[in-house]
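Working notes for the structure below.
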2 protein chains.
Amino acid sequence: MSQAKTAISPTREENYAEWYQQVVRAADLAEVSPVRGCMVIKPWGYAIWENMQRKLDDMFKETGHKNAYFPLFIPLSFLEKEAEHVEGFAKECAVVTHHRLEVGKDGKLVPAGELEEPLVVRPTSETIIGASFAKWVQSYRDLPLLINQWANVVRWELRTRLFLRTTEFLWQEGHTAHATSEEAIAETMQMLRVYAEFAEQWMAMPVIQGEKTAGERFPGAVQTFCIEAMMQDRKALQAGTSHFLGQNFAKASGIQFLDDKGVLSHAWTTSWGVSTRLVGGMLMTHSDDDGFICPPKLAPVHVVILPVTHKAEERQNVLDYCNALAKELRAQRYGELPIRVEIDDRDQRGGDKLWQWVKKGVPLRLEIGPRDIQSDSVFMARRDQPPKQKGAVPRAQFVATVGSILQEMHDGLFARALAHREQHTHRIDSKEEFYKFFTPSRKDDDENAPAPIHGGFALTHFSGDVELEKQIKDELSVTVRCIPLEPSEPGTCPFTGKPSKQRVVWAKSY
Amino acid sequence: MSQAKTAISPTREENYAEWYQQVVRAADLAEVSPVRGCMVIKPWGYAIWENMQRKLDDMFKETGHKNAYFPLFIPLSFLEKEAEHVEGFAKECAVVTHHRLEVGKDGKLVPAGELEEPLVVRPTSETIIGASFAKWVQSYRDLPLLINQWANVVRWELRTRLFLRTTEFLWQEGHTAHATSEEAIAETMQMLRVYAEFAEQWMAMPVIQGEKTAGERFPGAVQTFCIEAMMQDRKALQAGTSHFLGQNFAKASGIQFLDDKGVLSHAWTTSWGVSTRLVGGMLMTHSDDDGFICPPKLAPVHVVILPVTHKAEERQNVLDYCNALAKELRAQRYGELPIRVEIDDRDQRGGDKLWQWVKKGVPLRLEIGPRDIQSDSVFMARRDQPPKQKGAVPRAQFVATVGSILQEMHDGLFARALAHREQHTHRIDSKEEFYKFFTPSRKDDDENAPAPIHGGFALTHFSGDVELEKQIKDELSVTVRCIPLEPSEPGTCPFTGKPSKQRVVWAKSY
């Protein structure tokens, strides 16, 4: 197969948004479905999500949470219980109004059996889980109540993009209830740290932990915390959120308990979630113009072995060697993981196969032919290096070091992403510089060309003025991504001249 | 805590249906939700489902299947593509007709943004997955295509029961496409065997593998195969189904491929599924009048350790011993599983705690107090024996044999269930005997009393007459559960006098 300069066209530089779609397609991660805004997650994409789920689930269980499952449908009256909450979600709800179909006048099926009360397909489950919590919590002895749910949710989005924003998506939502405000805040912060650790240690994606401003808060929350990552086009991606809900939802749902003095109080609740969006964020953090680069800890396959034979009589010998090698490798470990190996002996041209695995982002590719067997070596290529950079490694050495090679790749991906973020994060102290930073400088006059990659994270002082934030959003499509947990020096807001306690992170975002 | 004669009231004998609800409640498995027909699966019930999922998922992957995820919503026009299929599901579909809410005239929220084409919440996914398969399959090289999905589905049921029949339930649905009819049939039978093996080896629930009659077939299938189990009230529970779909859905969805001779043909497809219903079936197979009995391989906790201390100064010593014991036990294995241990040191009366674990069905309970420590032993009770049958076992002996005790319990549960089924399975050769077998003999005149447990599996010859089958269903609520794969001698149908190739299984069912 004759390769163009890069396997993916257009490149990131040429058209980042289109590059993203092409990488998703070339890696066979997902595709659009016939249902507006919904995606089909294909086996390779779903295997990555399963790996994410498994690790996150372990982390949730280690921090004392248990899984449960609550109804897909939420009665309208439940959603209405918390005023800000319903306002936040009313515009994007799929509504079930009928419970059967019948043949209409024109012979076509039409909805029938109208429901007395319409049901909303859950956009999030605070209100329906709150109804259960109200039953489960009676006394302080029932607290803390630490529950997680793996589920699908639906938000009727107008503009959708595979993984990043889809009408239906898969996620987990943690819901907890506590006896005191302090405990609920501690839980909120603990889960934010769990997300940050997962993003950095498993996705190799550096994140900034911080708090959202009032305008970006979860509808009904007292405080929303988030992890924010910088994509290669320098836009921010909100990768996970953790909400301190105060007593808002406890009051809406009637979650009350008798404390140890016999006084009846409302509980303090939290909720926190990450979704299949993480797959898109991970892709945009690491991939290159040859396709997806999957961080090793989440890769469905760590090592793909490609038997290379030119003569039929060599085939069995090569396959035997590959199978023995695969067995040896599977007995090795990469941290807590077994080494995941696949032998691709499909009857296809070697070059085609090789490039499929490059585009799928598998960390290590081994080509094994008769000559490699003779020298008892493997011909290895790493996905974090250019596709044609390959070399022979003694078999025993490769087997002994495969775990550390994968960790080295993880560390390299993380370091590269962090360097990229640092390179494009600027402390900005004037309004002019701020506006210039976020305005693309077009090289040509083609108005239809995508905006060149520009901007980044701007760290400015900010007085917290809600109207100003809105104005900047309208003018530049730039928002405060978060007020970082890590404090900075106090200063002066460059927009208002008012005093500011600390710098905030501004960026365009997904 | 003063115990009644049994922990669950009513007993199975007194009112089986109510006993079932009470066992689900006492074991904290699930509860009804405020949404009609939908259940909340509580942590203990969900942990069992997770254990089922993990094993089944391994079995599916071992047989070459990959997981993927398809949209929750199905456009009406898709459902209509297969005539029998839509007829089968039209009466129980949740229909989404609007995509937002707005404030109506009375200040209440009302559905708004009507959809051009209503969407059905998937009752099953043949049609929406078929649309993807049509894209993915081009050539015989793309076959077989072996996909599984873990998902929630919705069927608007009028009469619901926790786990057994709920409006929303969790399940897996396998969908495969093949180049030939033979391969698709082989797949259908393979997955039926996987289900039977899971039911018997993991749920300790003996099943009969067989084929459904035309009247009980999946809407749109050519052949439907099932596993059927006998519950303790002698009714049958369909625990899993595997469908050979012929080319029906391939034609409806346009799944076509070029064969190795360049001829364009429709693929042959299958689908197969099991659901959270399994949890209910497992409960009804094994539990007793003291509550749930969880087969050991699927128990979230194999061994619960209850520290027993009467004096505060003993407490730390006892807890240390329990922790050391738990660590020892966790290093042991039960087949492929690690031993799952929980120490319950909640500040509650010992009797209350003990009975909670009896009702939750944990296989082994250990009470550990200072005297047990002194004799280096554990005070053990098995859930398959009466609650008061307990005894001291040397610690080292218990640790060394815990895996084999659990396997012995599994074998005992299976043998008991099999003996029950055999005891209540009768070869019946006359119509009179058949009608008598399925008619309850009431002991009292109270018409509102639940029917006493009666009937069972009747093995009769059957000529296959569809009208007759319907008549028997109307008269006795008895159906052909399956035509067993295991052949019997040919004979004469007792209802029609016509010749019959083999006996079929009749029963009342869930």
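What's counted below: heavy atoms across the whole structure, side chains too, no hydrogens, waters or symmetry copies. Note on naming: letters A, B, ... go to the chains in the order of the sequence lines (proteins, then strands), and numbering restarts at 1 for each one.
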For chain B, the option from L119(A), V121(A), V110(A), V95(A) that forms the most heavy-atom pairs under 4.5 Å:
V95(A)

Proximal component of L76(A), with respect to chain B [non-hydrogen, under 4.5 Å]:
side chain

Does E50(A) come within less than 4.0 Å of K61(B), counting only side-chain N to carboxylate O?
yes

Shorter than 4.5 Å, heavy atoms on both sides: which option in T276(A), I128(A), L115(A), T97(A) has the most such pairs with chain B?
T97(A)

Largest heavy-atom contact set with chain A, pairs under 4.5 Å, which of K91(B), K108(B), K66(B), M39(B)
K91(B)

With a 4.5 angstrom heavy-atom cut-off, could you sort out which part of P118(B) is near chain A: side chain, backbone, both or neither?
side chain

More than 12 heavy atoms from other groups under 6.0 Å of CD on E117(B)
yes

Atom CD of E87(B): over 12 foreign heavy atoms under 6.0 Å:
no

Contact origin within R141(B) toward chain A - heavy atom pairs under 4.5 Å:
side chain

F78(B), part contacting chain A, at a heavy-atom distance under 4.5 Å
side chain

For the residue pair L72(B) and L72(A), establish whether any side-chain heavy-atom pair is separated by less than 4.5 Å.
yes

With only heavy atoms counted, which part of V103(B) is less than 4.5 Å from chain A, the side chain, the backbone, both or neither?
neither

Any idea which of I147(B), V86(B), N67(B), V35(B) has the most non-hydrogen atom pairs under 4.5 angstrom with chain A?
N67(B)

Could you pull out all residues at least two apart from F73(B) that satisfy ring pair (Phe, Tyr, Trp, His ring centres under 6.0 Å)?
none

Could you name the residues of residues 156-172 of chain B that have a heavy atom within less than 4.5 Å of a heavy atom in chain A?
W156(B), E168(B), L170(B)

Cut-off 4.5 Å, heavy atoms of chain A, and the answer for E80(B) is side chain

Between V154(B), V96(B), I74(B), which residue shows the highest count of heavy-atom pairs closer than 4.5 Å to chain A?
V96(B)

Heavy-atom proximity to chain A below 4.5 Å, by part of E31(B)
side chain

So for W44(B), is it side chain, backbone, both, or neither that comes closer than 4.5 Å to the heavy atoms of chain A?
neither

Tell me, for D57(B) versus chain A, whether the close heavy atoms (under 4.5 Å) come from the side chain, the backbone, both or neither.
side chain

Look at C38(B), A90(B), A47(B) and state which one has the largest set of heavy-atom pairs under 4.5 Å with chain A.
A90(B)

Just checking R100(A): does its CZ atom have more than 12 heavy atoms from other residues, nucleotides or ligands closer to it than 6.0 angstrom?
yes

Which portion of A131(A) sits near chain B, non-hydrogen atoms under 4.5 angstrom
side chain

Shorter than 4.5 Å, heavy atoms on both sides: which option in A112(A), P34(A), S77(A) has the most such pairs with chain B?
P34(A)

Measure across V32(A) and K135(B) and return the closest heavy-atom pair with its distance rounded to 0.1 Å.
O-NZ, 3.7 Å

For the pair L101(B) and L79(A), evaluate side chain to side chain contact (heavy atoms under 4.5 Å, CB included) and give the outcome as yes or no after the intermediate values.
CA-CA 11 Å; L101(B) 300 167; L79(A) 210 60; 4.0 Å; yes

Name the region of D347(B), side chain, backbone, both or neither, that has any atom closer than 4.5 Å to a heavy atom of chain A.
both

When every non-hydrogen atom of P43(A) is compared with those of W136(B), the smallest separation belongs to CD-CH2, 4.4 Å

Quick one: what part of W49(A) sits under 4.5 Å from any heavy atom of chain B, side chain, backbone, both or neither?
neither

Contacting region of E102(A) [heavy-atom separation from chain B under 4.5 Å]:
neither

NZ of K42(B) to CZ of F70(A): how many Å apart, nearest 0.5 Å?
9.0 Å

From I41(B) CD1 over to S132(A) OG, what is the distance, rounded to the nearest 0.5 angstrom?
11.5 Å

